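So the structure is just underneath, and the comments pick up after that.
Source: prediction; values computed, not measured. Here, residue 1 is the first one in the sequence, and each next residue gets the next number.
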Amino acid sequence: MESGPAIFAGVVFALFGGALLGWTGTRVRRGEPVAQGVNQVASATLAGAAGAIALGLAGYCLTRL
């Protein structure tokens, strides 16, 4: 009964984390800024860390079924 919300949360975290990492990687590869008006290295690092944390949370949610 409680596995439904865990699956939903895990999938949402996985989609968000994967999309954020993909978008950040594409922006960095093209040399475009990740966040407007912020140091490119700092913004790429923060966005990459947020994507990795989201994927970690997805793994946590999906392994608790």
Side-chain angles (χ1 to χ4, degrees):
M1 185 83 175
E2 293 181 8
S3 63
I7 292 170
F8 177 75
V11 169
V12 168
F13 278 128
L15 288 174
F16 175 73
L20 184 60
L21 286 176
W23 180 80
T24 303
T26 302
R27 298 289 288 187
V28 168
R29 194 174 324 117
R30 292 181 180 177
E32 299 172 351
V34 176
Q36 196 68 25
V38 182
N39 184 353
Q40 186 173 359
V41 174
S43 61
T45 302
L46 185 61
I53 289 170
L55 287 178
L57 287 172
Y60 175 78
C61 288
L62 294 174
T63 58
R64 298 292 169 198
L65 300 177

Closest non-hydrogen atom pair between V28 and A44, with its separation: CG2-CB, 3.7 Å
Straight-line distance of L46 CG to N39 CG, nearest 0.5 Å: 11.5 Å
Non-hydrogen atoms of A47 and V34 that approach each other most closely: CB-CG1, 4.1 Å
W23 with L55, same ILVMFWY side-chain cluster at under 4.5 Å: no
ILVMFWY cluster, F13 and V11 together (side-chain gap under 4.5 Å): no
Closest non-hydrogen atom pair, E32 against Q40: O-NE2, 3.3 Å
Closest non-hydrogen atom pair between G48 and T24, with its separation: N-CG2, 4.5 Å
Pairwise distance CG(L57) to CG(L62) - rounded to 0.5 angstrom: 10.5 Å
Closest heavy-atom pair and its distance - F16, A54: CD2-CB, 3.9 Å
Residue pair A58 / A14: nearest heavy atoms and the distance that separates them: CB-N, 3.5 Å
